[in-house]
Each structure stands twice: as C-alpha cells, then as structure tokens.
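Data first, discussion second: the structure below is written as structure tokens.
As the structure lists them, so they are numbered: ligands from 1, and atoms in each ligand from 1. Heavy-atom basis, side chains included; hydrogens, waters and symmetry copies ignored.
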Amino acid sequence: MMSSPAANITSVLKETRKFPPPGAFSAQAHVKSLAEYEKLWQKAHDDPEGFWALQAESLTWFSKWQKVLEWKEPFAKWFVGGKLNASFNCLDRHLVGPRKNKAALIWEGEPGDSRVLRYQDLHREVCKFANVLKGQGIKASDRVTIYMPMIPELAIAMLACARIGATHSIVFGGFSADAVADRNNDAKARLIITADGGWRRGKVVPLKNNVDGALEKSPTVEKCIVFNRCNQQVHMKQGRDMWWHELMMDASADCPAEPLDSEHPLYILYTSGSTGKPKGVLHTTAGYLLGTSYTHRLVFDLKEEDTYWCTADIGWVTGHSYIIYGPLANGATTLMYEGAPNHPREDRFWEIVEKYRVNTFYTAPTAIRAFHKWGDEWPKKHDLSSLRLLGTVGEPINPEAWMWYHEVIGGKRCPIVDTWWQTETGMIMITPLPGAIPTKPGSATRPLPGIEAEIVDKAGNPLAANQGGLLVIRRPWPAMLRTIYGDDERYRKEYWSHVPHAYFTADGARKDEDGYFWIMGRVDDVLNVAGHRLSTMEVESALVHHKRVAEAAVVGKPDEIKGEGISCFVTLKTGETPTEELKKELQAHVVKEIGALARPDEIRFTESLPKTRSGKIMRRLLRDIASGRQTTGDTTTLEDYSVLARLREEEE
Ligand code: PRX
C-alpha cells in the first residue's frame, strides 16, 4: 500500500463499530442530522459556485467579487475582482460589537506564565507591528520569514504581514539553520522575524543562533527582528538585527488594513514532496479565509462562548488554519500553548483543559498514542467535563487510540471529528460533522459539502466500494493551493498529471459501503512521522552530503507512537569503516541539515543497496527489512538482503 501509486490497494482494516452523534449534541449543532448533511452536500454538488458564493457572504469585503471561480485547469482564481483583508476579517470586524472585549487569544507559556489578548488588544498589537514592518520598508507582496516559538507575537507577526499584504513564510522552530536558509532563498524573503529562543521541556531552543547561521547563507534577507522571550544572550548584528520591543516602543497603533485582491498571496508554507527540495505551497487570501472559517465553524460546531484549543504548532498548516485564520475570522477564542505536553509532567494538557475550561480539543493521533502510553492516571487527575468535542488530524488514527480518546478524554460523551486534509488543501476536506454523521473509529467518514472526493484507479475510473485506490478531488475548492511558489510546472506535475482532470492527493484510501472514507496512507515516498510529512529524498540527500557516505536509502518503519519511524540504509565510501560512532555522527548530521524532526531512528550500514536492473532502489524490500518482516539470520549489514533482492528480481 505504501509503494507506487497503483490502484487496487489491499486494505486490511476491518472496523464495524459505529457511534451516532449524541442526541443532545445534534439538537444544538449547526448541522443536525445525516439527512441535513446530505441535503447540503447535494446542494453544493448541484451548484458549487452558488454554494461557495453564499458562504462567502460571511466574510467582510471591501469590494465584492465579480466572478466566483475562474478555472483554467490546474489554475484557479476564486472571487475574482473582490477586495478584502485577512487581518481585517480576523480583527477589525469584531471590534464593532460585543466581541471587542472577548478573548481572542489565550496563551499559556511552558514555564507557567500566561497572557490573554482580547480582540482589541490583538488588533492594537497587530497594527503597531504592521507599522514596524512598514518602517523597515516591507511592502505588499514582499516575503517575510517567521521563525518563532509558540508565543502571541507569532500570531501578531502573521496578522501584521497579512494587514499590509506581505506574504509570510513560517518555518517550524524544529528546523535547522540550513533548512531556514533554504526556505529564505526559495521565497526570496526580505526580512525574518524570530526570538532569542523558545521554551521546550524546560530548555531553550536557540532560535536566534540558528537564524545567525541561516543568514550567512540567505543573501536576500536584509533585516532581522528579534523578540526577547527567554532573556538569552544573543548576538545582534548592527544594521541588520533589531529588538522587537524597541521597535514597538514608538510604533503607532493606527494602521488601516490594506484592501487586497482576493487572490493576493497570503502565505507560503513549505512541505515535503517525494522528490527534490521542499515545495512552497502558496495560499491566497479570499478562498483560503473562506475555506478555513467555514470548516472551523461547521466541523468544530463553533459556539460564541467556546474555548477552543488546537494543540498543533503554527509552523504547520494545522496551526495556520485552525489556531489563527479560521478561529479568528470566526471571532472565536483560540488557545495557544508554547511547550511540550509532558512538561513539567505528563498531565500538562489536561491541566490546561481544566484551567481554561476548554470545550473543543483538537490534536494528533501521535499525541493520543503517547497519552495512552503514559497512562490514564494523568487525565484522571483533572476535571475534563468542560470538553464537548474532540478532533484529530495528521495521520490515520488507529481504532485503539480512537477508543481511548473517546472513553478516557471524551468521557464517552464527546463526538470525535477525524479530519482529513493536507497543507495543499488548506482546509479540512473529509470529516464527520459532529452533530450529523455517525463515526466509525479510524474513518474520516465523508467529504464536506462542496468537496468532491473519490477513490479511483490510475486512469481515473471510480472504484467499487471497499476497493483500495487513489484518493482524488474532482473539483477545485476555495482554499486549495494555487501553485508551488515559483514553480507552476512542478505544481501541475505533482498534483494534476497523475489522474486525468483531478487533484491527486498522493494518499491511498478506500470507501466503504456507507460511503465512508478510510485513509490508508501515502502512496509516494513521503513518510508521516508524528503527523509531519518528511520526504525520504530529503533525508537521503542529507546523508549523502556527509563526506563518508556514498549512497543512502531511507524508508519508514512502523513506530508505536510516531506512526512511522525513519530507517536509513547507508553505503559508505570505499575505505570507510562502519562504527557505532559514525551512526551517531550521521544522526547528528541529518539533524543539522534538516532539523530534529528528521533524526533517523536507526542507521544500518550495507555494502550495497538492493536495486533493480534499471538501478532503482527496491524500497519495498527495504521496508520489509526495516519493519522486521524479514529476519533471516542475525544480519546487521544488508549484504545478504541485497543478494536476496537480486534473486527476487530474477523471479519477477
Ligand atoms: O497522508 C495524509 C495525512 O497527512 C497528509 C497531509 O500532511 P500535511 O500536509 O503535513 O498536513 C497535515 C495536517 C493537515 C495527508 O496526505 N493525514 C492528514 N490527516 C489525516 C491523514 N491521514 C489520515 N487521516 C487523517 N485525518
């Protein structure tokens, strides 16, 4: 199932439990029944443009669009001719009513400090920082890199960029200096915003030091703004580096939001593909804001009084869409936590739920598996009765973890929304609506109204129920990526050339007899490690960069907590000796080149890699070996297996 994008993928998961939405939940929900969901879906299917135009009324426009959709496959323009501003939609429009004093952002720092920013406060800070950016010569369409910890200033920086039309490119704080430099260069960023450091498990992540390294290789970046989070000693380069608090001191709080075109680039977010360097996924303003706010309202069944918490890092798309843009466009209260779930103890998340009386909690299967492993005593210490809805995202959730989440965290009363989507889709695509669609553990259930998802073979023919195949989206949707930044051709090739006239998700899936989607994982060479996409190619090229490495092949192997672990097969240059020290050195080398999130779980030295006659590495075989499905003999080198591979090839 993880190999080439072939059709007819065999699915082994059989799950028959079904959980209807609790009656009391449905009664108060935005969408109250399966029949109502189906009616909505049909309506959107019959007139997609009319449907989305109606939804778009919920945004505030400076001038209305002339045309809902201009579709020249594979390029979409939504709400053509309209003018609006994402920051205005997330802030200003809430200041005219009772929301002006509502908490926009509740923030909890890892050391235990906390802050609450009301809509008025967030608006003021964003306006001031937008003026700071202008003062540094940043204009609409300039790119700004943001490399920050999970602190309110990250939200302020994003919304300040959006306010003046600068395109932000957020780089997750776990990436290395080299990864930051690559992204600066690809985006041609003019300015970078960072902090001295951020707290993670009681230690300081040295963000500014990493930026110093990155800026040696980032010729386009002229200025660097540094927020003081941890009182670290950092090097400030004169003429380039400036302190956030000093710039903010005399910044004016008057900064009207720029009226921007519907298709104005809002942000770039880099994600892994199966080949080459990371892809800069480009999202634009109106469609993205519509998609995220619409789904945030419906999928999380948003109520005015909700305290909503998405535990993702803003460095990933989940944080962009469901900590910031979706919730704030809806005038919600969004919670943001800086640190690790097990600091100072394994109950930190449950302590936060209890402290703020969180109603909606959205996290990743990898976290749920870790909570499960840490034991029930941690959540049981806390009053979780405020929770009314749970969500998951990032990878398929195994039914066992689902059941634990349902019973121990949700107290059997909270619906679980298992939300399937991607960096590229911008918004949730397949998910139960919590008051309407009965859930089955492990299934993301059905596509949202407006989304045409299908399981097909390579030629695009729909497959019968329960046949595994490729998951595609048949029609453009508002929050879809518009292109890969600077590379329209790669965009066309990666997403619109695999299956005729359909968006290729690179996920394998099946649809059951009830029309429920069961996602089976990626069909390309992309790993899903702890809910994050990592390209095997990137890890391989990092390894091959090392002076003693001749060749490398990287595959995923099952991991109880992370979903997939990273297993590397390495051939050394002639004359080099494989040692335990070298293994450690190579692990550290990958961390330096990509970041801690890519640290290999295991490295195996081999004298040759198993290849087909045409020279393609036989990953299927390596995956078998890595996952322990082939353990003939006590072999730590691959020599025997490469022979085996050649033999196998003869047979095929
Ligand atoms: O394979 C799918 C998996 O994560 C991929 C998208 O990764 P990324 O762009 O990093 O975005 C993650 C957060 C939206 C998908 O192609 N995936 C995501 N959500 C689910 C999932 N697999 C199964 N079930 C999900 N709910």
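Side-chain contact of T363 with T311: a donor-acceptor pair under 3.5 Å is present, judged by distance alone.
Aromatic rings from Y337 and W107 are positioned such that their centres are separated by 6.0 Å or more. The aromatic ring centroids of H168 and H283 lie 6.0 Å or more from each other.
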Distance dump, ligand 1 polar atoms to protein, N/O, under 3.5 Å:
unit_1, atom_1, unit_2, atom_2, d
ligand 1, 1 (O), D507, OD1, 2.8
ligand 1, 1 (O), D507, OD2, 3.1
ligand 1, 4 (O), G394, O, 3.2
ligand 1, 9 (O), T423, N, 2.8
ligand 1, 9 (O), T423, OG1, 2.6
ligand 1, 9 (O), R533, NH1, 2.8
ligand 1, 16 (O), Q422, NE2, 2.9
ligand 1, 16 (O), D507, OD1, 3.2
ligand 1, 16 (O), D507, OD2, 2.8
ligand 1, 16 (O), R522, NH1, 2.9
ligand 1, 17 (N), G394, O, 3.3
ligand 1, 19 (N), G394, N, 3.1
ligand 1, 22 (N), P396, N, 3.3
ligand 1, 24 (N), E395, O, 3.4
ligand 1, 26 (N), D418, OD1, 2.7
ligand 1, 26 (N), T419, O, 2.8

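Taking the ring axis of Y516 as reference, the NZ or CZ atom of K511 does not stay both within 45° of it and closer than 6.0 Å to the ring centre.
Proximity of a side-chain donor or acceptor of D301 to a complementary backbone N or O of H30 within less than 3.5 Å is detected.
Applying the salt bridge (charged side-chain N to carboxylate O under 4.0 Å, His left out) rule to E38 yields the partners R446; only residues at least two apart in sequence or on another chain are considered.
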